[in-house]
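First the proteins, then the strands, lettered A, B, ... as listed; each starts at 1. What you see is a predicted model, and the numbers here were worked out from it, not measured in a lab. Scope of the values below: all heavy atoms of this structure, side chains included, with no hydrogens, waters or symmetry mates.
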Number of protein chains: 2
Amino acid sequence: MKTDKQELEFVEMARFAKAMSHPIRLQILSLLSKSDCCYTGDITDELPIARSTLSQHFKELKAAGLIQGEYNPPKIKYCLQPDNWEKAKKQFDNFFESNKKSSCC
Amino acid sequence: MKTDKQELEFVEMARFAKAMSHPIRLQILSLLSKSDCCYTGDITDELPIARSTLSQHFKELKAAGLIQGEYNPPKIKYCLQPDNWEKAKKQFDNFFESNKKSSCC
DNA sequence: TTTGTATTTCGTAAAAATACGAAATATAAA
DNA sequence: TTTATATTTCGTATTTTTACGAAATACAAA
C-alpha cells in the first residue's frame, strides 16, 4: 500500500527529527559543518556541558545516522554523514513543500 | 553576542523538531495540510491510536505552535498555524542549507 | 430532558531522554 | 614505564514522553 510506504517514511523522518530535537545537538551539527563538515578539537570548549553528556549526544546523532566518527584515541574526528544528511534535508524540504501554507486559515 | 542569538534560534528550532519527532505527529501535520490545511473529521479513523493519546499529540503540536484549533464542541477544527509553520520551514531550510554536504569526508 | 457525538482532562504506568561524576579505554609523549 | 589527553562506558537519579481507559465537558439533536 502507498500509505504504508509513507508511514515508513514518517518513521524515518521522525528519527531524524528526534536527533535534531535538542539545542546541543543542533549546535554540534552546526559546528561540524562549520569546520568543513568535520571537527577534531575539544568540543566542550564550545559547549557548557559535561563531557559524558556530550558523548551521549554524539552517540544519538550517530545512531540516527546523521554523523560518523573516526576513532584514533585519544582523539576522534567527527563528521557529518553525507548520505543521510542529504536524505534528511530532502525529507524536510519535501514535507514542508507539500504542506504549504494555504489561504484557508 | 551573536552566538547567544543563534543559541536561542537553536532552542526554538529544537522545539519544532521535537514536535515533529513522532510519526503520528508527522501524519497529523500531513493530514491537516491535505485537507486544505484544516481537518474536521474523525481523525482516529485514519490513525491506529486511542483518542486520548491522539489528543495529547494534538496538545503538543499546539504547544509547539505548529497547529491551532477552533473549538466548537463537540467538534474541533484543527489547522496548521501558518506563521510558525513558515518559520519552522525557514529554520530547517536554512539549517540544512548552511550545513551542506561538502567534499571533506 | 435525555441521548449522542467529539473531544479533553485525569490518573496511572512504563519507557525513554537527559544529565552528572567516576572509572575505564586507548593512544601519544615524556 | 609513567603521564597526559580525549573520549567512552557505567551507574544512577530525575524528568519527560508515550500510551491507555475512564470520567468529564460541551454542545446538538431527538
**Q.** Side chain proximity check, B:F92 to A:M20, heavy atoms < 4.5 angstrom
**A.** yes
Q) Would you call A:E60-A:K18 a salt bridge at under 4.0 Å N-O? A) no
Q.
Measure NE2/A:H57 against P/C:dT18 and give the value in whole Å, please.
A. 6 Å
Q. With A:F16, which residues qualify under ring pair (Phe, Tyr, Trp, His ring centres under 6.0 Å), at least two apart?
A. none
Q. Just how far, in rounded Å, is P of C:dA6 from CG of B:L47?
A. 16 Å
Q. Which class fits the ring pair A:F58 and A:Y78: parallel under 30°, tilted 30 to 60°, perpendicular over 60°?
A. parallel
Q. Once you round it to whole Å, what is the distance between P of C:dA19 and NZ of A:K59?
A. 15 Å
(Q) Any side-chain N or O of B:S52 below 4.0 angstrom from OP1/OP2 of D:dG21? (A) no
Q. Is B:Q56 touching bases, backbone alone, or none of the nucleic acid, heavy atoms closer than 4.0 Å?
A. base
(Q) Counting C-beta onward and ignoring hydrogens, is there a side-chain heavy-atom pair between A:I24 and A:H57 closer than 4.5 Å? (A) yes
Q | Under 4.0 angstrom between A:Y78 side-chain N/O and D:dA6 OP1 or OP2 | A | no
Q | Contact under 4.0 Å: B:R51 side-chain N or O vs D:dA22 OP1/OP2 | A | no
Q. Within the pair B:S55 and C:dT8, is there a side-chain N or O less than 4.0 Å away from OP1 or OP2?
A. yes
**Q.** Residues from residues 15-22 of chain B lying under 4.0 Å of DNA chain D - heavy atoms
**A.** B:K18, B:H22
Q) Can you check the A:E60 CD to C:dA16 P distance for me, whole Å? A) 12 Å
Q: Nearest whole angstrom, please: distance from the P of C:dT5 to the NZ of B:K77.
A: 23 Å
Q: Round to a whole Å and report the spacing from CD of A:E70 to C1' of C:dA26.
A: 16 Å
**Q.** Side-chain touch B:D4/B:L8, heavy atoms, less than 4.5 angstrom
**A.** no
Q. A:I49 near the nucleic acid: base, sugar-phosphate alone, or nothing, with a heavy-atom cut-off under 4.0 Å?
A. sugar-phosphate
Q) Rounding to a whole Å, what distance do you find between B:I76:CD1 and D:dC27:P? A) 12 Å
**Q.** For atom CG of A:L61 and atom C1' of D:dT8, their distance in whole Å
**A.** 15 Å
**Q.** Steps toward side chain to side chain contact (heavy atoms under 4.5 Å, CB included) verdict (B:D83, B:K87)
**A.** CA-CA 6 Å; B:D83 294 347; B:K87 199 178 197 177; over 6 Å; no
